[in-house]
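The next block holds one structure in the form of structure tokens; read it before the comments.
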Amino acid sequence: MAAVNGTSAADANSQIHKKPRLYADPSPPLFTPSDILYEFSHHDPTVARINNGSFGSCPSSVISAQNELQIQWLRQPDDFYFNQLQPKILQSRTIIKDLINADHVDEVSIVDNATTAAAIVLQQIAWGFAEGKFNHGDAAVMLHYAYGAVKKSVEAYVTRAGGYVIEVPLPFPVNSVDEIVHEFRQALQRGKQNGRRVRLAVIDHVTSMPTVVIPVKELVAICREEGVDQVFVDAAHGIGCVDIDMKQIGADFYTSNLHKWYFCPPSVAFLYCKRSINNSDLHHPVVSHEYGNGLAIESGWIGTRDYSAQLVVPKVLEFINRFEGGINGIKKRNHECVVEMGQMLVEAWGTHLGCPPEMCSSMVMVGLPACLGISSDHDALNLRTCLREKFGVEVPIYYRSPKDGEDGGVTGYARISYHVYNKVDDYYKFRDAINQLVHNAVTCASLPIS
Amino acid sequence: MQHEDPRNGESVHRGSKKSKLSSKFITESDIRDEFSHHHPSVARINNGSFGSCPGSVLTAQRHLQMQFLRQPDAFYFNTLRDGITASRKIIKDLINADHVDEVSLVDNATTAAAIVLQRIGRSFAEGKFQKNDTVLMLHCAFQAVKKSIQAYVTRAGGSVIEVRLPFPVNSEEEIISEFKKSIEEGKSNGRKIRLAIIDHITSMPSVVIPVKELVRICREEGIEQVFVDAAHAIGSVKVDVKEVGADFYVSNLHKWFFCPPSVAFLYCKKSASSSDLHHPVVSHEYGNGLPIESAWIGTRDYSSQLVVPAVLEFVNRFEGGIDGIMKRNHDEVVKMGKMLAESWGTNLGSPPEMSPAMIMVGLPSRMCLNSEEDAVTLRSHLRDHYDVEVPIFHQVSKDGEEGVRDKDGFITGYVRISHQVYNTLEDYEKLRDAINQLVEDGKTCKMLYKE
């Protein structure tokens with residue numbers, strides 16, 4: 001098994017035998033496996049938690065830091081509002097700016113989640129139509145596998161406002177980056193038909209279901225070539241999961257959740273908005289007295305609420321730097337382990353992965369045995385519930401409808417994740433659960449409806 | 001029957017084992033316990049801005065947060081939606097709404113305003129409203145609401161009428177009369193008023209508005225829809241949405257109803273167009289009705305929306321429940337207001353019956369509070385040097401109008417004091433003495449800038 005959790009056995013032993021470090025040692029000690037166990041001891045110990053992608057995870061030390069901030073607010077909220085809140089938000093934004101290689105902290109706004117970021121970007125598209133900047137029928141392009149909330153947001157803000165929406169079909173299982181690039185180019189051509197302008201392209205960095213890493217840098221470049229007005233990268237799974245560099249990727253907007261793979265509590269995300277575009281037209285939809293002061297400032301106050309999740313970023317950085325290699329070390333190990341676990345499972349079940357290893361991040365789609373008879377989204381949900389309730393395994397299931405001519409093949413995939421708290425036993429538990437269902441000739445048709 | 005939630009049960013037993021046996025109601029020392037997380041040396045008389053939350057409710061909230069973190073998928077699928085529905089049902093009963101479908105939970109009144117106004121914006125964009133159709137609001141509407149009108153109405157081509165209400169105010173009739181006048185003026189050049197936004201309790205300066213009467217006038221005058229911004233209402237005045245009769249009514253539960261930050265309800269009277277209200281943060285629930293849309297706007301901490309049952313338990317430990325709390329808060333804040341006005345030789349901004357749990361008290365004219373900056377400076381000074389937290393209002397004198405005077409000059413500044421269950425006499429004496437000290441030392445607001 002590849003070295004997990006930042007320390008090999010050798011490292012762990014040397015940690016135990018070192019003398020206790022002095023207080024204010026500039027480089028705090030690396031986490032031992034038992035440190036990590038403690039940091040995630042609030043996770044349900046009976047659950048094989050292999051769905052970090054949906055709701056993320058947060059270590060105890062960060063939760064404690066968050067509680068401290070919540071208590072400070074409750075203790076004297078006026079003082080916190082006038083003296084602490086904005087400087088602390090700015091501090092978080094500054095850290096993020098450096099992490100993502102943005103030019104200026106003004107480009108970094110903090111919002112609740114990628115869903116909120118999408119609403120912000122799409123709302124300005126709606127205004128474009130309403131105010132006659134765009135023509136009725138101008139297009140927005142998005143991936144067929146775009147997140148459900150984003151698709152609905154496109155419906156609410158683009159279709160409703162008179163825009164024409166084009167979905168890029170992507171093959172799945174996917175075999176190479178070229179397949180994706182090809183489909184994307186074709187979709188842009190369709191977008192430009194009949195003299196239409198493509199006003200916005202929404203591109204996932206890591207799709208949700210099914211999960212695949214998209215070659216965003218290349219797709220953004222194609223968008224520029226083809227005269228797409230604006231490019232919005234939805235990287236809900238980005239930070240802490242794949243490498244992100246705003247200047248390299250070159251998008252106009254880029255959003256990522258920090259509570260998924262970056263150890264923040266629910267919930268906090270950043271929305272990067274390149275300075276060169278007309279940012280004065282970007283607004284948080286919940287309007288406060290800060291309206292007109294720039295998106296970052298508007299987002300820093302949207303009425304009384306608990307902003308503590310946005311303020312713990314410094315603490316999270318401290319946490320991450322106690323892993324060997326910091327966030328890069330974590331990403332690398334997560335990726336290697338999830339591929340290893342994915343391959344273990346497909347071998348055990350006689351199925352296949354949904355994409356080649358280089359196109360997955362810290363999540364991978366693993367084919368489920370065809371005999372389970374997954375034949376609809378409902379089946380997928382029922383199977384997921386069964387795994388949770390009967391086997392103590394938490395993993396999202398994806399139904400892939402068979403293409404014409406396909407028969408008796410794999411129609412269901414599990415999206416497994418690997419994060420610092422996972423153990424090989426989590427995946428054995430899953431392997432054995434599926435094996436047992438197969439052994440007992442259970443099909444989705446016979447499962448209780450959740 | 002409400003499902004007995006062990007989380008809430010624990011909150012009742014914590015710290016009050018003895019008092020449960022010996023006294024039916026919460027005791028003074030229980031209350032001190034419940035608010036022991038408040039800064040002990042601060043005279044906290046600004047409950048209006050950010051509200052307050054007792055320890056037992058915070059504990060219930062913490063349990064919910066840990067439950068989510070422990071197994072978020074199970075929480076999402078099995079607990080969250082039902083928990084929000086349970087909170088909505090309690091609120092529906094509290095506010096006398098007809099149907100739980102009329103009750104949505106959102107973060108705060110600011111969010112509710114965006115929801116209502118965003119629809120107005122769409123109506124302009126889609127040609128349902130004509131350019132210069134109008135929205136009416138109070139001049140002293142909350143700043144966020146004013147900006148929301150700018151963002152969604154003015155930007156979309158609508159125009160705005162501001163109703164100037166008198167302050168200090170002496171009777172409801174003054175407000176009603178001003179309101180009628182403004183509507184007349186507004187309609188005078190044939191403009192159609194699409195929406196009226198009326199505060200139930202204004203923020204600064206704080207006064208209870210006779211909303212039922214004003215809503216009735218709006219209907220008489222053919223104003224299409226009425227939105228009551230009652231950010232301060234629930235837990236400080238009686239809320240009966242059918243009686244008020246507005247199309248939309250929002251109130252924050254974290255101000256006067258003991259919820260943690262933050263949660264508000266938005267009531268939307270069932271109508272032909274209620275299906276066209278949307279939460280601006282669009283999730284997969286888009287199109288399933290505002291309450292369902294609002295119950296899932298992406299991954300976040302929804303725990304403050306789930307503790308309403310625990311809050312009800314807390315409130316019912318007080319004699320008379322929330323009604324008893326409201327009455328005592330009102331009686332006390334009026335008493336304290338009068339005490340301060342008498343000590344300073346000043347006035348109250350409104351009569352007792354128009355001041356629920358907050359009241360405006362004139363500051364001595366010798367303080368020379370002549371600008372918004374002066375107000376902010378004085379407030380900071382009181383916080384930093386006297387441990388008193390109280391918001392200050394600068395009263396702009398209208399041209400040609402005689403202001404209220406004390407023995408030294410015109411009264412141009414007011415404090416907005418509040419009373420909530422955790423307050424004690426000492427809090428107000430602290431404020432009284434601080435102001436008296438400043439006056440005695442001959443300090444004007446300008447002199448405080450340097451300190």
Side-chain angles (χ1 to χ4, degrees), chain A residues 42-44 47 49 51 54-58 63 67 71 73-79 81-82 112-116 118-119 122-123 126-127 129-130 148-149 152-153 155-157 160-161 257 259 265-267 283 285-292 302-306 309 385 388 394 396 450, chain B residues 37-39 42 44 46 49-53 58 62 66 68-74 76-77 107-111 113-114 117-118 121-122 124-125 143-144 146-148 150-152 155-156 252 254 260-262 278 280-287 297-301 304 380 383 389 391:
Chain A
H42 53 281
H43 285 191
D44 188 331
V47 172
R49 186 169 168 142
N51 181 25
S54 284
F55 303 107
S57 46
C58 183
I63 295 172
N67 289 342
I71 287 168
W73 167 270
L74 293 164
R75 188 172 159 81
Q76 219 296 44
D78 302 72
D79 181 60
Y81 172 80
F82 283 108
D112 274 352
N113 44 42
T115 301
T116 305
L122 292 166
Q123 199 188 205
W127 278 114
F129 283 101
K152 287 293 189 177
S153 213
E155 186 189 317
Y157 287 114
R160 182 166 181 171
N257 286 330
H259 53 265
S267 66
H283 296 285
V286 177
V287 177
S288 77
H289 66 272
E290 296 288 7
Y291 181 72
I302 52 171
T304 298
R305 8 172 303 156
D306 182 352
T385 304
R388 177 186 311 120
E394 188 61 58
S450 48
Chain B
H37 54 280
H38 284 192
H39 195 301
V42 171
R44 188 169 167 143
N46 181 25
S49 284
F50 303 110
S52 47
C53 183
L58 292 172
R62 192 57 56 77
M66 289 319 290
F68 180 81
L69 293 167
R70 186 177 163 82
Q71 218 299 38
D73 303 73
Y76 172 80
F77 285 107
D107 274 353
N108 44 42
T110 299
T111 307
L117 290 166
Q118 209 188 34
R122 278 197 298 274
F124 278 101
Q143 186 62 0
K146 289 187 162 185
K147 288 290 187 179
S148 213
Q150 196 187 324
Y152 291 116
R155 180 174 181 177
N252 287 330
H254 53 266
S262 67
H278 295 287
V281 177
V282 178
S283 78
H284 66 272
E285 297 286 10
Y286 181 71
I297 52 173
T299 298
R300 3 174 304 156
D301 181 354
S304 55
S380 302
R383 180 185 310 120
E389 188 62 58

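Note on naming: letters A, B, ... go to the chains in the order of the sequence lines (proteins, then strands), and numbering restarts at 1 for each one. Everything numeric here is computed off the predicted structure, so don't read it as measured data.
When Ser153(A), Ala130(A), Cys58(A), Gly148(A) are compared by the number of non-hydrogen pairs under 4.5 Å with chain B, Ser153(A) comes out ahead. Highest contact tally toward chain B, considering only Leu122(A), Ile302(A), Asn113(A), Val47(A), is held by Asn113(A) [criterion: heavy-atom pairs under 4.5 Å]. The candidate from Pro77(A), Ala126(A), Ser57(A) with the greatest count of non-hydrogen atom pairs under 4.5 Å with chain B is Pro77(A). Ranking Arg122(B), Gln143(B), Glu389(B) against chain A, the residue ahead of the rest is Glu389(B), based on heavy-atom pairs under 4.5 Å. Comparing Ala114(B), Gly298(B), Ser380(B), Ala151(B) by heavy-atom pairs within less than 4.5 Å of chain A, the highest count is held by Ala151(B). Counting heavy-atom pairs closer than 4.5 Å to chain A, the top residue among Leu69(B), Val42(B), Asn252(B), Leu117(B) is Leu69(B).
For Tyr291(A) (side chain) and Lys146(B) (main-chain N/O), no donor-acceptor pair under 3.5 Å exists by modelled atom type. Judged by distance alone, the side chain of Tyr81(A) and the main-chain N or O of Ser49(B) form no donor-acceptor pair under 3.5 Å. Between the side chain of Asp306(A) and the main chain of Pro261(B), no donor-acceptor pair closer than 3.5 Å is present. With hydrogens and angles ignored, the 3.5 Å screen pairs no side-chain donor or acceptor of Thr111(B) with any backbone N or O of Val286(A). A distance-only check finds a donor-acceptor pair linking the side chain of Ser262(B) to the backbone of Thr304(A) [under 3.5 Å]. Remark: the backbone N or O of Arg70(B) is not paired with any side-chain donor or acceptor of Asp44(A) at under 3.5 angstrom.
Note that CG of Asn67(A) is 3.5 Å distant from CZ of Arg62(B), once rounded to the nearest 0.5 Å. Atom NE2 of His39(B) and atom CZ of Arg75(A) lie 4.5 Å apart (nearest 0.5 Å).
Only the backbone of Ile297(B) comes within less than 4.5 Å of a heavy atom in chain A; its side chain stays farther off. With a 4.5 Å cut-off on non-hydrogen atoms, Gln76(A) touches chain B through its backbone and its side chain both. Heavy atoms closer than 4.5 Å to chain B are found nowhere in Glu290(A), neither backbone nor side chain. Interface remark: Ala74(B) contributes backbone and side-chain atoms alike to the contact with chain A (heavy atom separation under 4.5 Å). In this structure, chain B has no heavy atom under 4.5 Å from any part of Asn257(A). Neither the backbone nor the side chain of Ala109(B) has a heavy atom closer than 4.5 Å to any heavy atom of chain A.
Taking the six-membered ring where tryptophan is involved, the planes of Tyr76(B) and Phe55(A) are tilted, since the angle between them lies from 30° to 60°.
Pro280(B) has its side chain within reach of Tyr157(A): a pair of non-hydrogen atoms, C-beta onward, lies under 4.5 Å apart. Considering only heavy atoms from C-beta on, Ser148(B) stays 4.5 Å or farther from His289(A) through its side chain. Considering only heavy atoms from C-beta on, Val287(A) stays 4.5 Å or farther from Thr110(B) through its side chain. By the 4.5 Å heavy-atom criterion applied to side chains, Arg300(B) and Arg305(A) are counted as neighbours. No side-chain heavy atom of His43(A) sits less than 4.5 Å from a side-chain heavy atom of Gln71(B). Between Arg44(B) and Asp78(A), every side-chain heavy-atom pair lies at or beyond the 4.5 Å cut-off.
Nearest approach of Asp73(B) to Arg388(A), heavy atoms of both residues: CB-NH2, 4.2 Å.
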Just do the side-chain contact (heavy atoms from CB on, under 4.5 Å) check on Arg155(B) and His283(A) with the steps written out, would you?
CA-CA 13 Å; Arg155(B) 180 174 181 177; His283(A) 296 285; 3.9 Å; yes
CA sep, side-chain torsions, deciding dist, call: Leu58(B), Leu74(A), side-chain contact (heavy atoms from CB on, under 4.5 Å):
CA-CA 10 Å; Leu58(B) 292 172; Leu74(A) 293 164; 3.6 Å; yes
